[in-house]
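Following: one structure in structure tokens, then a few remarks.
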Amino acid sequence: MFPLHRGRRLRVNESVRSLVRETSLSPADFMFPMFIIEGENQQIEIPSMPGIYRRTIDLTVKEVQELYDLGIRAVNIYVKVNDDLKDNTGKEAWNPNGLMQQAIRAIKKAVPEMIVMPDVALDPYSMYGHDGIIKNGDIVNDETVEALVKMALSHAEAGADFVAPSDMMDGRILRLREGLDKAGFPHVGIMSYSAKYASAFYGPFRDALDSAPKETGKVVPKDKKTYQMDYANRIEAIKEAVWDAEEGADIVMVKPGTAYLDIVREVKDAVNIPVAVFHVSGEYAMIKAAAEKGWFDHDKIMMEQLYCIKRAGASLISTYFAKEAAKLLQK
Ligand code: PBG
């Protein structure tokens, strides 16, 4: 009680503050999401994500080396597939020589210590921009899961360290685990996008991959709300994360990040495996846009958000800021 207790004694200068700081942040906490395109020696900036590029495999590999040198130890890989390869089955997703599979092989060859986590979901390969196969106007669950298993196996064969299902179909973690084990990949991990909300914060990502659900004139759902979660829900997130952990996920993820930190904390308290947070494209875009206008200090806001995500319970953070933040942390 005052005057015996004076909280400000622990805030008196940076040395004392650093002694009692409860959360630390390091480049090894980050995963960097990367967008890959066909071709050679090309990089195209994504208009709604300044500083983030779609890159061909050769340039991606160079970037991965740079990330590794900065202390970043994992990349999340997404591909932008040409329209003529898209259909309703998503079969290009498990083409052993597809863009994703080539990218995994190239990265693992060039930087073997970098942990490669390809995205497992059909949306980049779907003519409708959905994460699953559509029948009679609905995304069919079990058939989609079988397709995801084929996709994940092709990633494992290409050398992926983890597969990262972001589709939110029911039962996919169990089937993926069984499929990987049976095919001789018991060492390949699963990072499950467990509590993935149907969020408008994914807008810039869908620009990057041209993967937004399409208005086709046919009876196709115009959003992802029958599989991604309702942002009004909390208990459901815990249920999904606990189920995924029981089904064999090695890491569960909450997504998006900053608006969902209550969920991060609760999931963290509910499971005994690492919790990842995806600081998504829209969160990145908001900071870039406001900083461009000079409305706040970019680096300070970036670090505050990353620290707060970590404080909420994240063991690792997938963030488009990984490189910039790693550079700042090295200073
Ligand atoms: C697709 C996928 C999405 C993101 C990661 N994987 C978009 C979506 O579900 O529509 C979003 C990532 C971001 O916004 O940064 N399965």
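Just so you know, ligand 1 is whichever comes first in the structure, and atom 1 is the first atom listed for that ligand.
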Once you round to the nearest 0.5 Å, how far does CG of D167 lie from NZ of K224? 9.5 Å

Are I77 and M100 packed together at the side-chain level, in the sense that at least one heavy-atom pair is separated by less than 4.5 angstrom? yes

In the protein, which heavy atom is nearest to atom 4 (C) of ligand 1, and how far is it? K255 NZ, 2.7 Å

Would one find more than 12 heavy atoms of other residues, nucleotides or ligands at under 6.0 Å from atom CD1 of I235? no

Between Y78 and ligand 1, is there a nitrogen or oxygen pair with a distance under 3.5 Å? no

Beyond-backbone contact of I52 with Y284, side-chain heavy atoms, under 4.5 angstrom: yes

Indicate, as side chain, backbone, both or neither, the part of D131 found under 4.0 angstrom from ligand 1 when only non-hydrogen atoms are considered. side chain

I'd like a table of donor-acceptor pairs (distance under 3.5 Å, sequence neighbours excluded) in which one partner is a side-chain atom from residues 311-318, with atom names and distances.
from, atom 1, to, atom 2, distance (Å)
S318, OG, N76, OD1, 2.6

Y284 near ligand 1, heavy-atom distance under 4.0 Å? no

Quick one: look up the protein heavy atom nearest atom 2 (C) of ligand 1 and list residue, atom name and how far away it is. K196 NZ, 3.2 Å

Flag the pair D142 / E146 as yes when at least one side-chain heavy-atom distance between them is below 4.5 Å, and no otherwise. no

Proximity of F278 to ligand 1 by residue part, where a heavy atom lies under 4.0 Å: side chain

Nearest protein heavy-atom contact for atom 12 (C) of ligand 1: which residue, which atom, what distance? F205 CD1, 3.3 Å

Report, in ascending order of atom number, the atoms of ligand 1 lying under 4.0 Å from any heavy atom of A121. 16 (N)

Which residue and atom name correspond to the protein heavy atom nearest atom 1 (C) of ligand 1, and how close is it? D123 OD2, 2.8 Å

Ligand 1 atoms nearer than 4.0 angstrom to some heavy atom of Q228 are 8 (C), 9 (O)

Just to confirm my output: which protein heavy-atom neighbour is closest to atom 16 (N) of ligand 1, and how far is it? S166 OG, 2.8 Å

Minimum-distance protein heavy atom relative to atom 14 (O) of ligand 1: S281 OG, 2.7 Å

Nearest-neighbour protein heavy atom for atom 8 (C) of ligand 1, which is reported as residue plus atom name and distance: K224 NZ, 3.3 Å

Please write down residue, atom name and distance for the protein heavy atom closest to atom 10 (O) of ligand 1. R206 NE, 2.6 Å

Please work out which of the three classes, parallel, tilted or perpendicular, describes the rings of F321 and H279, given edges at 30° and 60°. tilted

Running the 4.5 Å side-chain criterion over Ile, Leu, Val, Met, Phe, Trp and Tyr, what cluster does M1 land in, apart from itself? none

Does the side chain of I115 reach to within under 4.5 Å of the side chain of D161, using non-hydrogen atoms? yes

